[in-house]
**Student:** 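Below is one structure. I have some questions about it.
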Amino acid sequence: MKPLPASFYEHKDVVRIARDLLGKTLVTLTDGKLTSGLIVETEAYSYRERGCHAYNNKMTERNKVMFEQGGVAYVYLCYGVHNLFNIVTNKAGQADAVLVRALQPLKGEETMLARMKTNSLKRITSGPGKLTKALGIDRKLNGASLLKSDLWIENGVKINKNEIVTAFRIGIDYAGEDSKLPWRFYLKDNVWVSKE
DNA sequence: TAGAGGATTGAT
DNA sequence: TCAATCCTCTAC
């Protein structure tokens with residue numbers, strides 16, 4: 001399998017990319033250990049709405065990688081506890097991104113279990129803060145290219161349109177009206193999706 | 001330079 | 001329901 005091409009990430013419609021990422025495979029090679037998982041839940045963020053760190057084209061030290069060309073990782077610390085993994089999309093200067101919220105473990109399951117200090121495979125990647133830990137993603141990978149580093153996305157399984165559920169995004173009440181945008185996508189009846 | 005708060009999680 | 005935990009942003 002090969003990483004998805006740059007053109008996939010440079011599309012101008014971040015919502016479409018978020019939907020297309022369902023069923024793709026996220027792969028990391030951290031500390032010499034390969035781990036991967038099927039993407040089963042995503043959320044879209046755009047500089048045009050308040051839920052986004054780069055709302056109104058506001059660039060800061062933290063979110064500046066969002067303004068790079070699509071195809072890089074945006075990893076940041078949330079609540080002082082969790083690393084959250086985003087995929088930067090669109091062209092340079094158009095700060096859009098997709099947050100990966102849940103995975104279905106595929107490879108390196110033992111490595112993930114060891115990182116999570118648990119014996120239960122269930123729910124170890126069902127949440128944005130958990131999947132980064134399971135796959136060994138942290139802020140060192142902020143700005144890393146998904147085309148040529150130890151972090152990339154491959155084609156996975158084909159998803160039918162009627163398997164995709166559309167919902168409101170989680171945890172962004174502060175965004176006002178924009179928190180009602182139906183920009184969260186997940187696979188219907190998939191046990192690996194994060195719980196609300 | 002101090003203070004507030006967050007795209008979450010797991011324990012109580 | 002609530003604390004953990006720390007980096008980032010904003011205001012002074």
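Just so it is clear: chains get the letters A, B, ... in the order the sequence lines come, proteins before strands, and each one is counted from 1. The structure displayed is predicted, hence computed values, not measured ones.
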**Student:** I want to verify a distance call: between dT8(C), dT9(B), dA7(B), whose nearest atom is closest to the Y76(A) side chain?
**Tutor:** dA7(B)

**Student:** Atom CZ of R184(A) and atom P of dT8(B): how far apart are they, to the nearest Å?
**Tutor:**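 Answer to the nearest Å: 10 Å.
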
**Student:** Could you check how far CZ of R123(A) sits from P of dA11(B), rounded to whole Å?
**Tutor:** 14 Å

**Student:** Could you check how far CG of N86(A) sits from C1' of dG6(B), rounded to whole Å?
**Tutor:** 14 Å

**Student:** R184(A) and I170(A): which non-hydrogen atoms are nearest, and at how many Å?
**Tutor:** CZ-CD1, 3.6 Å

**Student:** So what does R169(A) touch, heavy atoms closer than 4.0 Å: a base, only the sugar-phosphate, or nothing?
**Tutor:**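 If one applies the 4.0 Å heavy-atom cut-off, R169(A) turns out to touch nothing in the nucleic acid.
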
**Student:** Does K58(A) place a side-chain N or O at less than 4.0 Å from the phosphate oxygens OP1/OP2 of dT8(C)?
**Tutor:**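 Answer no for this pair, as no side-chain N or O of K58(A) is under 4.0 Å from OP1 or OP2.
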
**Student:** In terms of side-chain heavy atoms of L77(A), which of dT5(C), dC6(C), dT8(B) is nearest?
**Tutor:**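 Closest nucleotide among those given: dC6(C).
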
**Student:** How many Å lie between NZ on K180(A) and P on dA7(B), as a whole number?
**Tutor:** 17 Å

**Student:** Over how many whole Å does the gap from L99(A) atom CG to dG6(B) atom C1' extend?
**Tutor:**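 In whole Å, dG6(B) C1' lies 13 Å from L99(A) CG.
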
**Student:** Starting at the 5' end of DNA chain C and moving along, which residue's nearest nucleotide shows up first, R139(A) or H82(A)?
**Tutor:** H82(A)

**Student:** What is the distance, to the nearest angstrom, from the CG atom on N83(A) to the P atom on dA4(C)?
**Tutor:** 20 Å

**Student:** Roughly how far apart, to the nearest Å, are dT5(C) and dA2(B) at atom P?
**Tutor:** 23 Å

**Student:** Provide, to the nearest angstrom, the distance between the CZ atom belonging to R50(A) and the P atom belonging to dG5(B).
**Tutor:** 15 Å

**Student:** From CD1 of I172(A) over to P of dG6(B), roughly how many Å is that when rounded to an integer?
**Tutor:** 12 Å

**Student:** Please determine, for the side chain of Y79(A), which listed nucleotide (dT8(B), dG10(B), dT10(C)) has the closest atom?
**Tutor:**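 The answer is dT8(B).
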
**Student:** Applying the side-chain contact (heavy atoms from CB on, under 4.5 Å) criterion to L135(A), which one of L141(A), L103(A), T30(A) satisfies it?
**Tutor:** L103(A)

**Student:** Which nucleotide, if any, forms a Watson-Crick or G-U wobble pair with dA2(B), using both distances under 3.5 Å?
**Tutor:** dT10(C)

**Student:** Do any side-chain nitrogens or oxygens of R101(A) fall under 4.0 Å of OP1 or OP2 in dT8(B)?
**Tutor:**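 Yes, because at least one side-chain N or O of R101(A) sits under 4.0 Å from OP1 or OP2 of dT8(B).
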
**Student:** Tell which nucleotide pairs with dT5(C), taking only Watson-Crick or G-U wobble pairs whose two distances are both under 3.5 angstrom.
**Tutor:**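 Per the H-bond distance test, none.
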
**Student:** Please check if I87(A) and L99(A) belong to a single hydrophobic cluster, counting links between Ile, Leu, Val, Met, Phe, Trp and Tyr side chain heavy atoms closer than 4.5 Å.
**Tutor:**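 As far as the 4.5 Å side-chain criterion goes, L99(A) and I87(A) are not connected within one cluster.
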
**Student:** More than 12 non-hydrogen atoms from neighbouring residues, nucleotides or ligands closer than 6.0 Å to CD on E110(A), yes or no?
**Tutor:**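 Result for CD/E110(A): open.
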
**Student:** Just to be sure I understand the rule, does K133(A) reach a base, reach only the sugar-phosphate, or reach nothing, if contact means heavy atoms closer than 4.0 Å?
**Tutor:**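 No contact at all - K133(A) keeps every heavy atom at 4.0 Å or more from the nucleic acid.
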
**Student:** Of Y74(A), Y47(A), Y45(A), which meets side chain to side chain donor-acceptor pair (under 3.5 Å) against H53(A)?
**Tutor:** Y74(A)

